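Worksheet: the structure to be examined is printed underneath.
For clarity, every value in this text was computed on a predicted model and none was experimentally measured. Numbered from 1 within each chain, the chains take letters A, B, ... in sequence-line order.
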2 protein chains.
Amino acid sequence: MATMEDVARLAGVSISTVSHVVNETRSVAPGTRERVIAAIEKTGYTGNVIARSLVTGGTKSIGVAMSLLANPHLAQLIHAIEAEATAAGYTVLLGDTLDHADGERAAVRKLQARRVDGMLLTPAPGDTTTLEQLARTNVPAVLVDRVSHKVKLDQVGPENIQSTSTLVSHLAAAGHRRIGFISGVEWMGASEERTLGYRLGLGRAGLRWDSNLVAGGGATHEDGVLALRRLLTVPERPTAVITGNGAMTAGAYREARAHGLEIGKEFAIVGHDEVDWADLVDPGITTMAHPVDEIGRTAVRLLLARLADPDTPPETVLLAPELVHRGSCGCR
Amino acid sequence: MATMEDVARLAGVSISTVSHVVNETRSVAPGTRERVIAAIEKTGYTGNVIARSLVTGGTKSIGVAMSLLANPHLAQLIHAIEAEATAAGYTVLLGDTLDHADGERAAVRKLQARRVDGMLLTPAPGDTTTLEQLARTNVPAVLVDRVSHKVKLDQVGPENIQSTSTLVSHLAAAGHRRIGFISGVEWMGASEERTLGYRLGLGRAGLRWDSNLVAGGGATHEDGVLALRRLLTVPERPTAVITGNGAMTAGAYREARAHGLEIGKEFAIVGHDEVDWADLVDPGITTMAHPVDEIGRTAVRLLLARLADPDTPPETVLLAPELVHRGSCGCR
DNA sequence: CTCCTCTCAGCAAACGCTTGCGTGACCCTA
DNA sequence: TAGGGTCACGCAAGCGTTTGCTGAGAGGAG
């Protein structure tokens, strides 16, 4: 592959001149410039990012460390991230956290060894040390999706409290008085927030909190099945239920059917988290769709902003999910 | 960040010795070795991949160029690729082809500029030049998912002919005589192959080919709806239908319901391509599940093999999908 | 005619590593 | 005791860029 030296020789100039015309980093006489450009053309010179990185210290690349399996919106998220990064001249390197602390540590290390300029990270559950290490090595990072107020880093994620509250309001407005909640796993801040939102929504609708109406602590399809099954046994059973994530929505939906409940008529289900099949079932599932694209893009923007100016205080951006209205809420 | 020089100074040895203990590239006296290791520990030295790359010429990275949006199994595929690559000490760089020729060209260029050791590529429709350019610059590449016999490169993808034939056999064995086929988009080799397999299956089952029973040329949910609608208007309408891809399966499923057909009883639907909600509807959808993980892993393996030995003839690996049996085929 | 100021461009020192080549030190055999 | 063979390790030349410094020449002002 052609190097700057080849170009320089062909154009009859020094290497530094070639560098300067390539980077437009100092003025070069028009004639010279043209000779260099012609030489570049002829040699097919493309530049060596590696060598450049060695001297500049930057790599124009960002690392993305998340669970490549556990995130249901991974493709969409990655797509948004890649697009935004590419637009800014950055390349995305991948690191799989495997959704646990060890994998996360390994992924972050690997990305650091690759000298990424910055990182996007969806922290694994139970992680503590990685974030510290990240801060210590001062590789700029922004947390995606799983936001925590304990951390002094840039963060982006979905807004959970108001949006869940909205879900409650929506159901209450349709006349429901007994609204169940199937919550997510305990250790996640998002779950707590959604539970809080649920409570808040109840209050706004003038309904009483009843711990019998809250089931959960899971994340899988099966968890959703079991949770709804339990909710359906309580006295004065709920006529509507809000689920904490996509998989559990599916489970609950299925279980409701299995109980012979007519979804959208006598029983309402609304979910948190958009799922791609929400439209394919009948009735379709009303959900709070997370602004996945927007989250991805914002994450990259925050990172680039930090790269540009490392000294601004960390920012936390909460993006509001949008209520996507389908049949399962039965509000017509 | 700590450099080899820092380590060397601290351990009281030369840089080259540090390099040799890090890479285990020549024997070092036990005592020295330990001092070096201690120094590495103390300095937190991690190695600089950039500098190493500059001298070795390799980057220990592979580029993945595909449409980050269009591929329904992206997450799973990327996960498999990343895992296999990481196990071999490689890092994955992403390039989005946007599923068209221009994007593809840009993605490949970008990855080449990053000096990836090799590339995994899912060619965009209508592409021609990129593949040639790829061959010319001799960056090793393997084609994923969209296999073409016109190309002399390593390739991995799903087997289409036999597997579609199997689908037909399955339906025929359940007593269906009029089996429809909703084919994919024309320009894709896979569609042709599946159509061929459909025909082959008919022959094997002793059924006649009837062009009225073939609809399609699409890829979306809507295409599936329309195709099935058309099939249901033909005289002696089909009692079963095979769909060419996941989205169209959904459309067909929905349309069948809309027509009041009882899926799994009077009407059978089987799909090509696993979809993650296949289990969530009732009856579940019987599909030919593509071995996505295996495809990803094989792709990386082929690439690494080629990196190790560039002179072996290109290999094409076709991986057989697996029939995942659920209710929609009605065969009990 | 001298001195200054510009413009244009080359020189060479990094950047952090790998690796071929050398050189002591030591031990063994003849 | 000399010659040969091993071991352990250091030296220094790159790898392809970027960039601070320097210098030559041209033109203008005094």
Side-chain angles (χ1 to χ4, degrees), chain A residues 1-40 43-61 89 91 109-110 112-117 137 139, chain B residues 1-40 43-61 89 91 112-117 137 139:
Chain A
M1 255 185 175
T3 72
M4 270 196 174
E5 196 181 348
D6 300 329
V7 176
R9 200 175 321 129
L10 189 59
V13 299
S14 74
I15 290 185
S16 48
T17 296
V18 176
S19 172
H20 283 122
V21 350
V22 168
N23 301 314
E24 306 189 344
T25 160
R26 87 178 172 194
S27 79
V28 171
T32 315
R33 170 196 210 67
E34 273 171 34
R35 288 207 323 281
V36 171
I37 291 181
I40 288 178
T43 54
Y45 173 78
T46 56
N48 185 330
V49 195
I50 305 295
R52 172 196 300 239
S53 288
L54 184 57
V55 25
T56 61
T59 55
K60 284 286 185 181
S61 66
T91 301
R109 257 210 216 306
K110 161 174 158 172
Q112 284 187 159
R114 291 276 168 183
R115 293 297 196 275
V116 293
D117 291 340
T137 55
V139 175
Chain B
M1 257 189 176
T3 71
M4 270 198 175
E5 195 180 351
D6 299 328
V7 177
R9 199 176 320 128
L10 188 59
V13 298
S14 76
I15 289 185
S16 47
T17 295
V18 176
S19 171
H20 284 122
V21 350
V22 168
N23 301 314
E24 304 190 346
T25 160
R26 86 179 172 194
S27 77
V28 171
T32 315
R33 167 194 212 70
E34 272 171 33
R35 290 208 320 282
V36 171
I37 291 180
I40 288 177
T43 54
Y45 174 77
T46 55
N48 185 330
V49 194
I50 304 295
R52 173 197 299 242
S53 289
L54 186 57
V55 26
T56 61
T59 54
K60 284 287 185 179
S61 68
T91 300
Q112 284 188 158
R114 290 278 169 182
R115 294 293 199 273
V116 293
D117 290 341
T137 55
V139 176

Provide a list of protein-nucleic acid N or O atom pairs under 3.5 angstrom, restricted to nucleotides 11-17 of chain D.
from   : atom 1 : to      : atom 2 : distance (Å)
D:dC11 : N4     : B:Ser16 : OG     : 3.0
D:dT17 : OP1    : A:Tyr45 : OH     : 3.0
D:dT17 : OP1    : A:Asn48 : N      : 3.3
D:dT17 : OP2    : A:Met4  : N      : 2.7
D:dT17 : O5'    : A:Tyr45 : OH     : 3.2

Any idea which heavy atoms bring [X] and [Y] closest together, and the distance?
X: B:Thr25; Y: B:Ser19; answer: CG2-O, 4.1 Å
X: A:Val49; Y: B:Ala113; answer: CG2-O, 2.7 Å
X: A:Val22; Y: A:Tyr45; answer: CG2-CE2, 4.4 Å

Protein and nucleotides 4-6 of chain D: nitrogen or oxygen contacts under 3.5 angstrom:
none

Check your understanding: Does any pair with a residue in residues 47-60 of chain A pass side-chain hydrogen bond (donor to acceptor under 3.5 Å, both in side chains), and if so which ones, sequence neighbours excluded?
Key ->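 As it turns out, the side-chain hydrogen bond (donor to acceptor under 3.5 Å, both in side chains) pairs with a partner in residues 47-60 of chain A, which skip direct neighbours, are A:Asn23-A:Arg52, A:Thr59-A:Ser61, A:Thr59-A:Asp117.
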Review point. When all nucleic acid strands are considered with a 4.0 Å heavy-atom cut-off, which category describes B:Ser53: base, sugar-phosphate, or nothing?
Key: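 Here B:Ser53 touches no strand at all.
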Review point. At under 4.0 Å between heavy atoms, what does A:Ser27 touch on the DNA or RNA strands: base, sugar-phosphate, or nothing?
Key: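 Sugar-phosphate, backbone atoms only, no base.
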Practice item. May I ask you to verify if any side-chain N or O of A:Thr25 is less than 4.0 angstrom from the OP1 or OP2 atom of D:dT18? Key: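 Checking D:dT18 against A:Thr25, no side-chain N or O comes under 4.0 Å of OP1 or OP2.
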Practice item. With the side chain counted from C-beta on, respond yes when A:Arg9 and A:Val18 share a heavy-atom pair under 4.5 Å apart, and no when they do not. Key: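 In short, these two side chains do not touch, never coming nearer than 4.5 Å.
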Check your understanding: Side-chain contact, heavy-atom cut-off 4.5 Å: B:Thr137 with B:Gln112?
Key ->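 The answer is yes, as the side chains (C-beta and beyond) meet within the 4.5 Å cut-off.
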Expected list for residues 27-40 of chain A: side-chain donor-acceptor pairs under 3.5 angstrom, two or more places apart:
from    : atom 1 : to      : atom 2 : distance (Å)
A:Arg35 : NE     : A:Ala11 : O      : 3.1
A:Arg35 : NH2    : A:Ala11 : O      : 3.2

**Study point:** Spatial distance of atom OG1 (A:Thr91) from atom CZ (B:Arg114) [nearest 0.5 Å]
**Key:**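 That separation rounds to 3.0 Å.
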Review point. If you round to the nearest 0.5 Å, how far is CG of A:Asp6 from CE of A:Met1?
Key: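 Going from the CE atom of A:Met1 to the CG atom of A:Asp6 covers 12.0 Å.
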**Study point:** Bending between helix ends of the helix from C:dC1-D:dG30 to C:dA30-D:dT1 [5 pairs per end, 10° resolution]
**Key:**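 Computed angle between terminal axes is 60°.
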Review point. Hey, where on DNA chain C does chain A first and last touch, going 5' to 3'? Cut-off is any atom under 4.0 Å from a heavy atom.
Key: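 First-to-last contact on DNA chain C, by the 4.0 Å heavy-atom rule, is C:dC8 to C:dG16.
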